[in-house]
Amino acid sequence: MSRTITVIGATGHLGRLTVEALLERGVAPSDIRATGRATERLADLADRGVQVLRVDRDDEAAVADAVRGAAAVLLVSGTEPGRVEQHRRVVEAAREAGVEQLVYTSGPHARGSSVQLLADHATTEELLETSGVPHTVLRNAWYVENYTAQVETYRAHGMVGAAGEGRVSLAPRREYAEAAAVVLTTDGHLGKVYELGGEAHTLAEVAAVIGETIGQEITYTDVPVEQLQQILAGAGVPAPMDAVLADVDRGIAAGELLVPTTDLETLLGRPATDLRQAVEEALA
């Protein structure tokens, strides 16, 4: 029996990879709705038979159309200011449509975290809890790509952070997507909150592995959080995002981005990819 799965946010990296993972798991292309604003990025998926819909999360009617008739919905968390209201529209639309499973991508220890970047996740989790919509929460730790994407900056200036000896749990983005696909296509996940993350490393260790991979020493310099914010602002990161990103390193130093569970390994059925291999793949 066909079971339609809607991916809200398929034009982003994680959403796109989740669609690919669903296809790899044997979901019929016609049973997948891939949505987002920049649907030209999904043209190849449409050619393969995936339903592609242009959906602006600020458009209540478009969101309602995207989830109507879907058995399961993956809500990839937004990245824009006001994303909580966007999430609220999806949750309300899912309730009205009678969606059987709403899966949300949150962040590590969201409900108890002091990390500013995770505050919207905590609010969205509370929305889900009171909505009455059957749901699953995937608290994704950090992506290896958060760091490999900055390799050219590291080449020129080294890595600068404020994380001290704190460790952050890391895995490739594709493995978080695979875990989402597992949850969307197998039973037993309703009401669950999964803390997902791979191996934990200090930023100095991340810098060293990136350096070894590219054949150039990459230093890690630790600075106070306030100085890191100034560096980010000087590099063009606008306020208040400069403070929010600097606060992430404070959270790493405090152990708030360390995920000590094996939830990702359990969902994947294997260990997460180790840092060295993940970096090599990301930079290939």
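Note: hydrogens, waters and symmetry copies are ignored here, and every other heavy atom, side chains too, is used. The chain is numbered in sequence order, starting from 1. Computed from a predicted structure; not experimentally measured.
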* With no hydrogens and no angle check, is any side-chain donor or acceptor of D274 less than 3.5 Å from a backbone partner on E199? -> no

* Structure fact -> L53 and T39 have their tightest heavy-atom pair at O-CG2, 3.6 Å

* To do: Considering only Ile, Leu, Val, Met, Phe, Trp and Tyr, and joining two whenever side-chain heavy atoms are under 4.5 Å apart, list the other residues clustered with L127.
  => V84

* Are the side chain of T262 and the backbone N or O of E265 linked by a donor-acceptor pair below 3.5 Å? -> no

* Give a yes or no answer on whether the side chain of Y154 reaches the backbone of V160 with a donor-acceptor pair at less than 3.5 Å. => no

* Asked: Can you tell me how far the CZ atom of R48 sits from the CD1 atom of I32, to the nearest 0.5 Å?
  -> 8.5 Å

* Does a donor on one side chain and an acceptor on the other come within less than 3.5 Å for H87 and T124? -> yes

* To do: Output the distance between atom CD (Q51) and atom OG1 (T35), rounded to the nearest 0.5 Å.
  => 11.0 Å

* Centroid-centroid under 6.0 Å between Y104 and H121 rings -> yes

* Could you check E125, R111, R139 and say which one makes a side chain to side chain donor-acceptor pair (under 3.5 Å) with S106? => E125

* Asked: If you take all heavy atoms of L258 and A200, which pair is closest and at what distance?
  -> CD1-CB, 3.2 Å

* Going from CG on L45 to OG1 on T11, what distance comes out if it is rounded to the nearest 0.5 angstrom? -> 11.0 Å

* Going by atom types only, do Y143 and H13 share a side-chain donor-acceptor pair under 3.5 Å? -> no

* Asked: Is there a donor-acceptor pair closer than 3.5 Å between any side-chain N or O of D59 and the backbone N or O of A62?
  -> yes

* Residues, nucleotides or ligands: over 12 heavy atoms within 6.0 Å of D187 CG -> no

* State which residues pass side chain to side chain contact (heavy atoms under 4.5 Å, CB included) with S113; sequence neighbours excluded, sorted by chain then number. => V115, L118, E256

* What residues, two or more places apart in sequence or in another chain, satisfy side chain to side chain contact (heavy atoms under 4.5 Å, CB included) together with V63? -> V55, V90, A93

